[in-house]
Amino acid sequence: MGKILVTGGTGYIGSHTVVELLNHGYDVVIVDNLSNSKLEVLNRIEKITGKKPAFYQISVQNKEEMRQIFQKYDIDSVIHFAGLKSVKESVEKPELYRSNNIGSSRILLELMEEYGVNNLVFSSSATVYGVPKRVPLYETDPIGGCTNPYGQTKVDIELMLNEYAKTHPQANIAILRYFNPIGAHSSGLIGEDPQGIPNNLMPYITQVAVGKLPHLNVNGNDYKTVDGTGVRDYIHVVDLASGHLAALKKLEEKPGLVIYNLGTGKGTSVLELVHAFEKANHLVIPYVIAPRRPGDVDENYANCDKAWNEMHWKAKLNIEDACRDSWLWQSHNPHGYDED
């Protein structure tokens with residue numbers, strides 16, 4: 001069996017996926033420019049799995065350096081995580097997001113074609129659905145109408161992959177639309193380590209819990225939801241990682257292009273998540289109600305039947321597991337991967 005090339009493999013979702021791959025006997029080569037991750041992740045992966053994957057600090061946008069990886073290794077499949085992912089930054093720097101996210105994906109496809117690599121798992125996002133007309137969201141729902149440039153890059157890459165699949169009948173591509181990843185590895189060794197003030201809810205909660213931030217800002221409490229706060233589909237990152245292994249297995253069937261939602265199929269409100277965290281960890285999280293964020297929708301959760309029917313994958317861990325694992329990670333690593 002050839003190697004699995006994982007771009008962005010030291011990032012939050014990438015690192016958890018690499019752990020699952022190594023634990024299931026896959027050979028992994030990681031490419032990551034460390035723009036949003038730390039080298040220390042590799043040591044932690046080795047601590048968990050007993051294996052150290054090959055690693056190259058390369059930008060996927062650098063075609064010549066990437067070509068050397070394709071030349072050196074017999075690559076069987078690519079899992080493509082690499083990309084910029086801050087919604088807020090994408091609004092400020094839309095061109096950067098377009099050139100980085102779409103450009104790197106195009107280079108990857110060109111090299112896959114050049115070296116006869118047919119299998120690709122692409123890390124997409126539920127943001128491609130834009131403002132949902134109804135929930136739950138199905139894979140057949142229309143995409144586009146995104147509220148930010150980050151989401152739009154995911155739509156554009158999905159469209160590019162659809163075009164590629166049409167002109168390359170030998171290509172097998174799984175597009176995985178993630179909902180909201182939370183949690184950390186149960187060892188407490190790897191987890192989410194955002195730079196600056198977190199944009200995502202769970203690391204914000206854990207940084208309040210660890211005393212780095214004074215309180216949680218709950219953005220809006222007048223949504224049409226159970227308690228007025230936004231409802232999202234929070235999926236444990238280890239379940240999300242196992243979804244990528246299920247997708248690799250699916251690609252062995254040579255299905256052409258397939259699309260799957262990866263979520264739990266259940267919505268949880270911001271305050272429900274806060275209370276679950278408090279309960280799981282016997283802590284109190286002070287919060288204040290802040291203004292809504294532009295572009296936030298009332299509720300957003302997945303129908304995940306297709307992933308179960310076609311890949312035999314479904315989320316196994318619950319919100320409490322994620323709350324407990326997130327706190328274990330944060331409390332053992334108050335400064336993330338930066339050892340002070």
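Values in this document were obtained by computation on a predicted structure and should not be read as measured data. For this chain, numbers begin at 1 and follow the sequence in order.
- In plain terms, the two heavy atoms of Asn333 and Gly188 that are nearest each other are ND2-O, 3.0 Å.
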Should Leu34 and Ser37 be marked as a side chain to side chain contact (heavy atoms under 4.5 Å, CB included) after you check the CA-CA gap, both sets of side-chain angles, and the distance that decides it?
CA-CA 5 Å; Leu34 301 180; Ser37 60; 3.5 Å; yes
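- With rounding to the nearest 0.5 Å, the separation of CE in Met66 from CD in Glu110 is 11.5 Å.
- Using a 4.0 Å cut-off between a side-chain N of Lys or Arg and a carboxylate O of Asp or Glu, Lys3 and Asp76 do not qualify as a salt bridge.
- Shown here for Leu262 and Cys304, the closest heavy-atom pair between the two residues is C-SG, 4.5 Å.
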Audit row: His275, Glu272, side chain to side chain donor-acceptor pair (under 3.5 Å) steps and yes/no
CA-CA 5 Å; His275 299 323; Glu272 283 173 339; over 6 Å; no
Could you walk me through whether Val31 and Val60 satisfy the side chain to side chain contact (heavy atoms under 4.5 Å, CB included) test, starting with their C-alpha distance in whole Å, then the side-chain angles of each, then the deciding distance to 0.1 Å, before giving a yes or no?
CA-CA 8 Å; Val31 164; Val60 182; 4.2 Å; yes
Could you tabulate the donor-acceptor pairs under 3.5 Å formed by side-chain atoms of residues 152-165, not counting sequence neighbours?
| unit_1 | atom_1 | unit_2 | atom_2 | d |
| --- | --- | --- | --- | --- |
| Gln152 | NE2 | Asp156 | OD1 | 3.0 |
| Thr153 | OG1 | Asn101 | ND2 | 3.3 |
| Thr153 | OG1 | Tyr150 | O | 2.6 |
| Lys154 | NZ | Ser123 | O | 2.7 |
| Glu158 | OE1 | Arg177 | NE | 3.4 |
| Glu158 | OE1 | Arg177 | NH2 | 2.6 |
| Glu158 | OE2 | Ser124 | OG | 2.7 |
| Glu158 | OE2 | Arg177 | NE | 3.0 |
| Asn162 | ND2 | Glu158 | O | 3.0 |

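- Summarising the local packing, NZ of Lys52 is surrounded by more than 12 heavy atoms from other residues, nucleotides or ligands at distances under 6.0 Å.
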Hey, mind stepping through Asn303 and Tyr138 against side chain to side chain donor-acceptor pair (under 3.5 Å) and telling me if it holds?
CA-CA 5 Å; Asn303 176 288; Tyr138 288 79; 3.2 Å; yes
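- Of the N and O atoms on the side chains of Asn62 and Arg67, not one donor lies less than 3.5 Å from an acceptor on the other residue.
- The two residues Ala209 and Ile285 come nearest to each other via the heavy atoms CB-CD1, 3.7 Å.
- Here the CD1-CG distance, from Ile182 to Leu240, works out to 11.5 Å after rounding to the nearest 0.5 Å.
- Across every non-hydrogen atom of Pro53 and Leu42, the tightest pair is CG-CD2, 4.3 Å.
- Nearest heavy atoms, Val208 versus Pro286: CG1-CD, 3.8 Å.
- Contact annotation: the side chain of Arg44 approaches that of Glu40 to within less than 4.5 Å [non-hydrogen atoms, C-beta and beyond].
- Note: Trp327 and Phe277 have perpendicular aromatic rings, judged against thresholds of 30 and 60 degrees for the angle between ring planes.
- A salt bridge is defined here as a Lys NZ or Arg NE, NH1 or NH2 lying under 4.0 Å from an Asp or Glu carboxylate O, and Lys133 with Asp141 fails to meet this definition.
- Using a distance-only test at 3.5 Å, with no hydrogens or angles considered, no donor-acceptor pair links the side chain of His168 to the main chain of Gln170.
- His244 and Tyr178 have perpendicular rings, their planes meeting at more than 60° on a 0 to 90° scale where under 30° would count as parallel.
- There is no side-chain donor-acceptor pair under 3.5 Å between Asn43 and Glu46.
- Using modelled atom types, no side-chain atom of His185 and backbone atom of Val238 make a donor-acceptor pair closer than 3.5 Å.
- We find that Lys316 and Asp239 are not joined by a salt bridge, their nearest charged nitrogen and carboxylate oxygen being 4.0 Å or further apart.
- To the nearest 0.5 Å, atoms CG (Leu216) and CG (Leu201) are separated by 6.0 Å.
- Inter-residue side-chain proximity for Leu245 and Lys249 is flagged as unmet; no heavy-atom pair is nearer than 4.5 Å.
- One hydrophobic cluster, built from ILVMFWY side chains closer than 4.5 Å, holds both Leu248 and Val28.
- Among residues two or more places apart in sequence or in another chain, the ring-ring contact (aromatic ring centres under 6.0 Å, His included) test is passed with Tyr223 by none.
- Looking only at side-chain heavy atoms (C-beta outward), Phe70 and Leu5 come within less than 4.5 Å of each other.
- Checked by atom type and distance alone, the side chain of Asn221 never pairs as donor or acceptor with a backbone atom of Gly228 at under 3.5 Å.
- Counted within 6.0 Å of OH on Tyr73, heavy atoms from surrounding residues, nucleotides or ligands total more than 12; the atom is thus considered enclosed.
- A salt bridge does not link Arg324 to Glu320: none of the charged nitrogens lies less than 4.0 Å from a carboxylate oxygen.
- How far CD of Glu65 is from CD1 of Ile58: 5.0 Å, rounded to the nearest 0.5 Å.
- For the atom pair CG (Leu257) and CG (Leu120), the distance works out to 9.0 Å, reported to the nearest 0.5 Å.
- In terms of heavy atoms, Ser104 sits closest to Asn100 at OG-O, 2.8 Å.
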How far apart are the C-alpha atoms of Asp325 and His236, what are their side-chain angles, what is the distance that settles it, and do they pass the side chain to side chain donor-acceptor pair (under 3.5 Å) test?
CA-CA 9 Å; Asp325 293 339; His236 197 300; 2.8 Å; yes
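- Checking side-chain atoms of Arg134 against main-chain N and O of Pro136 turns up a donor-acceptor pair under 3.5 Å.
- Remark: Lys306 is positioned above the aromatic ring of Tyr260, its terminal NZ or CZ atom under 6.0 angstrom from the ring centre and at most 45 degrees off the axis.
- A donor-acceptor contact under 3.5 angstrom links the side chains of Tyr56 and Lys72, judged on distance only.
- With Asn300 as the partner, the side chain to side chain contact (heavy atoms under 4.5 Å, CB included) test is satisfied by one option alone out of Leu137, Val131, Thr127: Leu137.
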Would you check, one step at a time, whether the test side chain to side chain donor-acceptor pair (under 3.5 Å) holds for Glu192 with Asn200?
CA-CA 10 Å; Glu192 192 168 7; Asn200 294 340; 3.0 Å; yes
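- In summary, of the residues considered (Val237, Ile45, Asp32, Thr10), a side chain to side chain contact (heavy atoms under 4.5 Å, CB included) with Ser15 occurs for Ile45 alone.
- Checked against the 6.0 Å centroid criterion, the rings of Tyr337 and Trp329 qualify as a close aromatic pair.
- Side-chain contact between Val41 and Phe55 is absent, with no heavy-atom pair separated by less than 4.5 Å.
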Determine, stepwise, if the pair Ile30 / Val18 fulfils side chain to side chain contact (heavy atoms under 4.5 Å, CB included).
CA-CA 8 Å; Ile30 296 175; Val18 167; 3.9 Å; yes
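- Within 6.0 Å of NZ in Lys93 there are 12 or fewer heavy atoms belonging to other residues, nucleotides or ligands.
- The OG1 atom of Thr49 sits 10.5 Å away from atom CD of Glu20, with the distance rounded to the nearest 0.5 Å.
- Using a distance-only test at 3.5 Å, with no hydrogens or angles considered, no donor-acceptor pair links the side chain of Asn217 to the main chain of Ala290.
- Of the possible polar contacts, none joining the Lys63 side chain to the Ile107 backbone as a donor-acceptor pair under 3.5 Å is found.
- Applying the 6.0 Å contact sphere to NE2 of His24 captures no more than 12 heavy atoms from other residues, nucleotides or ligands.
- Ser269 has its side chain within reach of Val231: a pair of non-hydrogen atoms, C-beta onward, lies under 4.5 Å apart.
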